[in-house]
There are 2 protein chains.
Amino acid sequence: MKPVSPSDEPVPGDDVPFPRPHHDHDHCRHDALRRAEDVCARQGARLTQARREVLDLLWADHRPVSAYDLLHRLNADGRKAAPPVVYRALDFLIEHGLAHRLNSLNAFIGCAHIGGEHGAQFFICRECGQVAETRSPEIDSAIRTAGAELGFRVQAPVVEVEGVCPTCSGAPA
Amino acid sequence: MKPVSPSDEPVPGDDVPFPRPHHDHDHCRHDALRRAEDVCARQGARLTQARREVLDLLWADHRPVSAYDLLHRLNADGRKAAPPVVYRALDFLIEHGLAHRLNSLNAFIGCAHIGGEHGAQFFICRECGQVAETRSPEIDSAIRTAGAELGFRVQAPVVEVEGVCPTCSGAPA
DNA sequence: GTAATAAATGTTATGTTATAACAATTGATA
DNA sequence: TATCAATTGTTATAACATAACATTTATTAC
Ligand SMILES: [Zn+2]
Ligand SMILES: [Zn+2]
Ligand SMILES: [Zn+2]
Ligand SMILES: [Zn+2]
């Protein structure tokens, strides 16, 4: 079994958060847009044209994009949008849990999970630039425990891990 | 006992990484400089005037400082240093494990631990801006485990936790 | 000691990331 | 359709960071 697993690590078949090279990415994109519509509908928020376009650009692939890259892509068709357009759209998307900011890269990425705001951990491949987003209760709990030992009330843990993804580690396929 | 502990959390008396309001901070500063000299001596690196000054400025208190704040403080005495002065000094200090960069704040802080480069976790108080640096094997290990499950080779975990420190939580002392 | 070399610093300019402030437009509501 | 709130447009500027090259300072070789 284990048909196209990109690694020999003990990973569950299709739940691997690192995107496989030839996965159906159109599915990722369309799914993300659909989820965004759901979220906005439920929260009475408006997924306007600019916001939708930025979200779609974020889902061009599984790599984070800088705000100015987004701006250039937005303006590729001759438009003349200014930076606030992008930053406002990003603020909206982040507030509604549809995108995340990666502090270590000054870049943004579409949220791979469902639901509102939430903690997450990001694994960033130094080779290919792709990012996997996880929600590990174990990491979260280790952080909260360490915080408690300091008497620190944890509000927003940020975890961004640099390394090399399974594909770039030279896994079979 | 537990004479001036800032919190009722189960913390060891004097190992609390969050600085107590009236601790002997001159000791922190001088100790940091002395450790820096040790490290540089051992590594054959030169702790030049500019580097020493920046390190000393980083130890003004336990809050991170932006590069331009450092620059302004450097120039407070009429000097006319330019940004590269500060960024080079910071690069040096970081390379030698004497300072850290906090990505979520675009700011820098003196390393509170001894020794060369190392992973660490930062707990950042939203109220007072003070930062505690820890080295928690548990957090590190949770991250490495989660990475392994993705087939991801972890190289540099970044953990920056926002919240409220014991002092600002309204602890007794 | 002096020349050659390497390390560090000075200097100017520019690139990159992000926000402030206010005007104009659009969409919902009454 | 008048009103109000939300969104977008526009200009300017703030904040963060580095490239490139000249100059100086420290180390080493002779
Ligand atoms: Zn995909
Ligand atoms: Zn990769
Ligand atoms: Zn101190
Ligand atoms: Zn505090």
Side-chain angles (χ1 to χ4, degrees), chain A residues 36-37 39-58 63-75 77-96 98-109 129 158 160, chain B residues 36-37 39-58 63-75 77-96 98-109 129 158 160:
Chain A
E37 276 156 8
V39 166
C40 290
R42 266 200 302 280
Q43 305 190 3
R46 293 171 48 208
L47 190 62
T48 62
Q49 185 62 19
R51 293 163 177 174
R52 178 189 302 271
E53 278 185 64
V54 168
L55 182 59
D56 193 50
L57 288 171
L58 283 178
R63 293 176 175 84
V65 191
S66 80
Y68 276 75
D69 276 357
L70 288 170
L71 184 59
H72 295 145
R73 293 182 196 181
L74 264 188
N75 286 342
D77 59 0
R79 212 157 124 181
K80 286 279 290 175
V85 171
V86 168
Y87 284 102
R88 285 165 181 160
L90 288 170
D91 286 347
F92 173 91
L93 294 171
I94 290 168
E95 268 169 25
H96 291 82
L98 299 169
H100 298 283
R101 176 188 166 81
L102 293 174
N103 290 315
S104 53
L105 301 175
N106 290 338
F108 304 83
I109 192 163
V158 171
E160 300 176 7
Chain B
E37 276 156 8
V39 166
C40 288
R42 266 201 301 282
Q43 304 190 5
R46 294 171 48 208
L47 190 61
T48 62
Q49 184 63 17
R51 292 164 180 174
R52 178 189 304 270
E53 277 186 66
V54 168
L55 183 58
D56 194 49
L57 288 171
L58 283 178
R63 292 176 176 83
V65 192
S66 81
Y68 275 75
D69 277 357
L70 289 170
L71 185 59
H72 295 145
R73 294 183 195 182
L74 263 188
N75 288 342
D77 59 1
R79 213 157 124 182
K80 285 280 291 175
V85 169
V86 168
Y87 283 103
R88 283 167 182 157
L90 289 169
D91 286 348
F92 173 91
L93 294 171
I94 291 168
E95 268 170 23
H96 291 83
L98 299 169
H100 297 283
R101 175 188 168 81
L102 293 175
N103 290 315
S104 52
L105 302 175
N106 289 341
F108 303 85
I109 192 164
V158 171
E160 299 176 10

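A, B, ... follow the sequence lines: proteins, then strands. Residue 1 opens every chain.
Listed nucleotides: D:dA17, C:dT9, D:dT8. Nearest to the side chain of A:T48: D:dT8. When distances run from any side-chain atom of A:A67 to the nucleotides D:dT7, C:dA18, D:dC16, the shortest one goes to C:dA18. Side-chain proximity of B:R51 to the nucleotides C:dA8, D:dT7, D:dT18 is greatest for C:dA8. Proximity note for A:P84 (side chain, C-beta onward) versus C:dG27, C:dT17, D:dT10: the nearest is D:dT10. In the set D:dT11, D:dT7, D:dT18, D:dT11 carries the atom at the smallest distance from any side-chain atom of A:A82.
In this structure, A:F92 atom CZ and D:dT7 atom P are separated by 7 Å, rounded to whole Å. Distance A:D91 CG to C:dT17 P: 16 Å, rounded to the nearest Å. At whole-Å resolution of the value, CG in A:N106 and C1' in D:dA15 are 12 Å apart. Summarising the geometry, the separation between OH on B:Y68 and P on C:dT17 is reported as 14 Å, rounded to the nearest angstrom. Rounded to whole Å, atom C1' of C:dT9 lies 17 Å from atom CZ of B:R52. Here C:dG27 presents its P atom at 14 Å from CG of A:L47, a figure rounded to the nearest Å. For B:Y87 and D:dA17, the OH to P distance is 4 Å, given to the nearest whole Å. Here the C1' atom of nucleotide C:dT29 and the CZ atom of A:R46 are 14 Å apart, to the nearest Å.
With a 4.5 Å cut-off on side-chain heavy atoms, A:L70 and A:L90 count as touching.
Ion pair B:E53/B:R73 not flagged as a salt bridge, since none of the NZ, NE, NH1 or NH2 atoms sits closer than 4.0 Å to an Asp/Glu carboxylate oxygen.
Residue side chain B:R88 reaches the base of C:dG10 through a donor-acceptor N/O pair under 3.5 Å, judged by distance alone.
Remark on DNA chain C: of its neighbouring residues A:S66 and B:Q49, the 5'-side contact belongs to B:Q49, judged by nearest-heavy-atom nucleotide.
With rounding to the nearest 0.5 angstrom, the CZ atom of A:R101 is 5.0 Å from the CG atom of A:N106. The structure places CZ of A:F108 at 11.0 Å from CG of A:D69, a figure rounded to the nearest 0.5 Å.
Looking at heavy-atom distances under 4.0 Å, B:R101 makes contact with sugar-phosphate atoms alone, never a base.
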Verify side-chain contact (heavy atoms from CB on, under 4.5 Å) between B:V65 and B:L57, making sure each step is shown before the conclusion. CA-CA 9 Å; B:V65 192; B:L57 288 171; over 6 Å; no
